Amino acid sequence: MTPTMRAAVLQAPGEITVEERPVPLPNPGDVLVRVTAVGICGSDVHYYREGRIGPFVVEEPLVLGHESAGVVAAVGDGVDASRIGERVSVEPQRIDWSSTQARAGRYNLDPQVQFFATPPVDGAFAEYVTIPAMFAHRLPEGISDEAGALLEPLSVAVAAAQKSRLGVGDHVLVTGAGPIGLILTQVARALGAAEVTVTDVSPERLSLAEEHGATATLDAGTDLSGLRADVLLEASGAPSAIHAGLRALGPAGRAVLIGMGADDVTIPLSAVQNRELEVTGVFRYANTWPTAIELVRSGRVDLDRLITGRFSLEQTAEALEAAADPRTLKAIVHPS
């Protein structure tokens, strides 16, 4: 008899069912992971509520969830069996290593990447997943499974910080105090930023930013033109925040656009030109897990403090609804 597992499946916008599916078999080079914790991302909420994000449309039943951790339950050919029983954080993607971008070290830009919970690729709201062994990152003692799942959004923050060349003594502006903004705040302080100013429309979120290391907080409507920050980490996706953030940069400032918002945004071109600002985006991550793990292991970043709710696999729809509430930072689903 083929062993089965439970999976929470998005059938249509707003409709999640828990069904039995065959346990996947690890291919050569893969490991089978028993999933113990899955964080909910804003993208999961978009798919759940709207059935799409931009060009990515859910056209058939889909398992959501891409922030996950668990325990290696089996290995495919070519993988050392000693890994069975290892606690791991899952880097949720499969790469075409023959692509030009992957060969250049930018595997996050591989056009054929298969990324968890991006249609039509199933994600981790299931009892088991398979992943290439190299993307099952061993968790040291002292890092919880829940924090292991949240290494995924931390990796986004690490990738953004690396893109910005954030360094000791910098004045960093973080626009948006959602989960990513709060993680960015911790990362900026961990990497030596002297000042971290955080903006948001919510006084409650600004209070949380102070708890996560912000040296100053400002309402998002504040005039920032005199701030003269060295680095902008834009985590809101709001056109107004992008515009204000760019104007807040000093000469040779570096801006990384992280938040997902409107497709078309105007920018203050004269500020970009006259101050020789660098403006770039960040798409997921590549080679960030070792840094993310060390930031948590050393205590410089605390991911557990972000968790505001825990749910069973049968409560996945409830968890997604909770994640849409502005009072929620990170909801965690425990499939097994």
Side-chain angles (χ1 to χ4, degrees), residues 42-43 53-54 106 108-109 153-203 205-206 208-210 212-286 288 326:
S43 64
I53 298 177
R106 299 182 294 265
N108 57 311
L109 299 181
L154 174 54
S155 276
V156 174
V158 169
Q162 291 173 339
K163 270 265 186 153
S164 73
R165 305 191 306 283
L166 191 160
V168 174
D170 277 343
H171 182 180
V172 178
L173 171 62
V174 177
T175 48
I180 289 291
L182 297 177
I183 294 173
L184 285 164
T185 301
Q186 290 194 56
V187 169
R189 293 306 304 272
L191 297 182
E195 299 177 68
V196 181
T197 300
V198 179
T199 67
D200 200 277
V201 297
S202 165
R205 286 295 175 92
L206 292 178
L208 285 170
E210 291 177 350
H212 284 257
T215 58
T217 58
L218 296 169
D219 181 84
T222 304
D223 181 4
L224 303 176
S225 57
L227 201 63
R228 292 298 189 264
D230 301 296
V231 172
L232 166 64
L233 300 175
E234 205 303 297
S236 73
S240 59
I242 296 170
H243 195 276
L246 289 172
R247 287 194 176 279
L249 286 172
R254 293 98 64 194
V256 181
L257 308 183
I258 306 150
M260 297 177 65
D263 286 338
D264 298 307
V265 178
T266 60
I267 64 170
L269 188 58
S270 61
V272 172
Q273 291 177 323
N274 296 343
R275 299 180 201 164
E276 292 194 357
L277 305 182
E278 297 179 33
V279 183
T280 187
V282 66
F283 185 66
R284 298 172 182 157
Y285 34 68
T288 52

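For clarity, every value in this text was computed on a predicted model and none was experimentally measured.
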Contacts of Ile53 that satisfy side chain to side chain contact (heavy atoms under 4.5 Å, CB included) - sequence neighbours left out: Ser43, His46, Tyr47, Met260

Interatomic distance, Arg165 atom CZ to Leu191 atom CG [nearest 0.5 angstrom]: 14.0 Å

Separation between CG of Leu232 and OG1 of Thr175, rounded to the nearest 0.5 Å: 5.0 Å

Shortest non-hydrogen contact between Thr288 and Ser155, atoms and distance: OG1-OG, 3.0 Å

Nearest heavy atoms of Val256 and Gly281, plus distance in Å: CG1-C, 4.3 Å

Closest heavy-atom pair and its distance - Gly178, Asp200: N-OD2, 4.3 Å

Those residues that, when tested against Asp230, pass salt bridge (charged side-chain N to carboxylate O under 4.0 Å, His left out) (two or more places apart): none

Polar side-chain atom of Arg254 near backbone of Glu278 as donor-acceptor pair, under 3.5 Å: no

Residues Val187, Leu233; criterion side-chain contact (heavy atoms from CB on, under 4.5 Å); working and verdict: CA-CA 11 Å; Val187 169; Leu233 300 175; over 6 Å; no

Side-chain donor or acceptor of Asp170 paired with backbone N/O of Val172 under 3.5 Å: no

Partners passing side chain to side chain contact (heavy atoms under 4.5 Å, CB included) against Leu182 (at least two apart in sequence or in another chain): Ala177, Leu208, Ala209, His212, Leu306, Leu329

Qualifying residues under side chain to side chain contact (heavy atoms under 4.5 Å, CB included), relative to Ser225, sequence neighbours excluded: Asp223

Euclidean distance, Glu195 CD relative to Arg189 CZ, rounded to 0.5 Å: 9.5 Å

Donor-acceptor pair, side chain of Thr215 and main chain of Val196, under 3.5 angstrom: yes

By side-chain hydrogen bond (donor to acceptor under 3.5 Å, both in side chains) - contacts of Thr199 (at least two apart): none

Side-chain touch Leu154/Gln186, heavy atoms, less than 4.5 angstrom: no

Shortest non-hydrogen separation from Arg284 to Ala159 and the atoms involved: O-CB, 3.5 Å

Atom pair CG (Leu224) and NE2 (His243), whose distance is rounded to the nearest 0.5 Å: 12.0 Å

Close side-chain approach of Phe283 to Leu109, heavy-atom, < 4.5 Å: yes

Partner of Val198 by side-chain contact (heavy atoms from CB on, under 4.5 Å), out of Leu218, Leu184, Leu173, Val174: Val174

Partner set under side chain to side chain contact (heavy atoms under 4.5 Å, CB included) for Ala286, not counting sequence neighbours: Tyr107, Asn108

Least distance between heavy atoms, Gly169 atom then Ala194 atom: O-CB, 3.7 Å

Any Leu246 side-chain heavy atom under 4.5 Å of Glu234 side chain: no

Shortest non-hydrogen contact from Leu249 toward Ala255: CD1-CB, 3.8 Å

